[in-house]
Amino acid sequence: MEQSVLAGKTIVLGVTGGIAAYKSVELLRILQKEDARVRVVMTAAAARFVGPLTFEALTGEAVYSDMWSRADGDAIRHVTWARECDAIVVAPATANTLARLAHGLADDALSALVLAATAPVLLCPAMNVHMYENAATRENLETLARRGYAVLAPGSGFLACGDTGAGRLPEPPLIADRLAWLMSPKDLSGKTVLVTAGPTREFIDPVRFISNPSSGRMGHAVARAAEHRGARVILVEGPVSLPDPPGVTVKRVNSALEMAEAVFASAADADLVVKTAAVSDYRPESAADQKIKGSRNQLSLSLLPNPDILAELGGRKRAGQLLIGFAAETENLAAHATEKLAKKNLDMIAANLIGAADSGFSAETNKVTLFTRDGSAVQVPLMSKNALAHLILDHAVQLWGKEKG
Ligand code: CTP
């Protein structure tokens, strides 16, 4: 799976009449950026909040809202679009639309289309907190969940109506993420995946540390991809400024020693360990309690080696467990990478040459070569870190298959 799971897919975006309808425009753009084809269905109430023209201009396709219109010559568009779509996301889903869906009504374009669909459906309720907590809405949501609809719980906070509580439409990137989850094959279900990400910080005094520019993006991409594919995922990460991936257990650490402790605590249960973290090889022998004052004199730091976390995991690897490392090199890529693969008892190492702007620490993309134990080297073209994450997981699935076979 080298592309986003949404790429090339046809998604029906159902928009209903709530104040959060304006967020549907951003959701549409996110899905389009993932190369999905999006068709928009609006209820009459939704069209009072956002003009259908906005969606028509962005999709290049007529919005479907009037079941009785013959404008495009398709008298059964609710059935045609239901048949042609790979998934449906209703965001926002009002209490009224949820009630219609729960009772199997088909008296407007959206409810008829959802009733006619066999594709997975993601419902994103958004409304006033009391409407959300009302027994009628709760029961409708329970009914829909029981029937196999995925429901994304609303966020809590200050609502447009002035009340505070649950009812906010989650942010569009989270909705797109849960849609990708819904559409992903669950080939890692039953597996536990442990991922490390980001840099470590080795404090010299309370305000200074040794670190590196790792953004944590590669590790987050692996954690998200594994969660989408059904794995139980534990992410041990150094300081990064990325939001927690949904559905993932996140353990935050600072130093290499803390990372080692957190990793060893979870490693025994892990079927796959992917170590993208850029671990500091050294730490100051002692960290000063107080800020070191600048005296303008020469200062020497005595550094102690940190444990090589991955090498230790390699030493205690159990049958069926896979270890995948990363290596950022400045020269002799193949030689250094294969040496680390052997020394740390890894099953695969993803190695890249640092220096290029499109690859490495902070970039959105990466260009790596995958070296495996059997001596193969697969040169992967430049791709997004999300796509690379899926490719690495594909290799892990293949390696398990070979072990079995
Ligand atoms: N690694 C680790 N613990 C360390 C150092 C590295 O677990 N103390 C892991 C990294 O997460 C990565 C792999 O080992 O998956 C290779 O990291 P790298 O820094 O390239 O390797 P080193 O063995 O430290 O080699 P170098 O001498 O190139 O720094």
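One-based numbering, in listed order, for ligands and for the atoms of each.
- Ion pairing between a basic and an acidic side chain is recognised when a charged N comes within 4.0 Å of a carboxylate O; K251 and E237 show no such pairing.
- Close contacts between ligand 1 and V279 involve ligand atoms 2 (C), 3 (N), 4 (C), 5 (C), 8 (N) [criterion: under 4.0 Å to a heavy atom].
- Only the side chain of D281 comes within 4.0 Å of ligand 1, judged by heavy-atom distances.
- Less than 4.0 angstrom separates some heavy atom of G325 from each of these atoms of ligand 1: 15 (O).
- Less than 4.0 angstrom separates some heavy atom of L310 from each of these atoms of ligand 1: 2 (C), 7 (O), 9 (C), 13 (C), 14 (O), 15 (O).
- Here the protein heavy atom with the shortest distance to atom 3 (N) of ligand 1 is I309 N, 3.0 Å.
- The pair D205-K291 fails the salt-bridge criterion, with no side-chain N (NZ, NE, NH1 or NH2) lying under 4.0 Å from an Asp/Glu carboxylate O.
- Between K340 and E329, at least one side-chain N (NZ, or NE/NH1/NH2) sits under 4.0 Å from a carboxylate O, which counts as a salt bridge.
- R138 forms a cation-pi arrangement with Y132, by the criterion of a distance under 6.0 Å to the ring centre and an angle within 45° of the ring axis.
- The nearest heavy-atom contact from the protein to atom 2 (C) of ligand 1 is D308 OD1, 3.5 Å.
- The environment of E261 atom CD is sparse: at most 12 non-hydrogen atoms of other residues, nucleotides or ligands sit within 6.0 angstrom.
- Ion pair D244/R252 flagged as a salt bridge, since at least one NZ, NE, NH1 or NH2 atom sits closer than 4.0 Å to an Asp/Glu carboxylate oxygen.
- Ion pairing between a basic and an acidic side chain is recognised when a charged N comes within 4.0 Å of a carboxylate O; D86 and R37 show no such pairing.
- Between A256, A337, P307, it is P307 that holds the heavy atom closest to atom 8 (N) of ligand 1.
- Summary of contacts: the protein heavy atom closest to atom 15 (O) of ligand 1 is K275 O, 2.7 Å.
- Residue nearest to atom 28 (O) of ligand 1, selected from E329, R283, K340, H336: K340 (by heavy-atom distance).
- The shortest N/O to N/O separation between A277 and ligand 1 falls below 3.5 Å.
- Annotation: N306 places no N or O atom under 3.5 Å from an N or O atom of ligand 1; distance criterion only.
- In terms of protein heavy-atom proximity, atom 13 (C) of ligand 1 is closest to F326 O, 3.1 Å.
- The closest approach between any non-hydrogen atom of K344 and ligand 1 is below 4.0 Å.
- Using a cutoff of 4.0 Å between basic side-chain nitrogens and carboxylate oxygens, K9 and D35 are not scored as salt-bridged.
- A cation-pi contact, defined as under 6.0 Å to the ring centre and within 45° of the axis, links R316 to F264.
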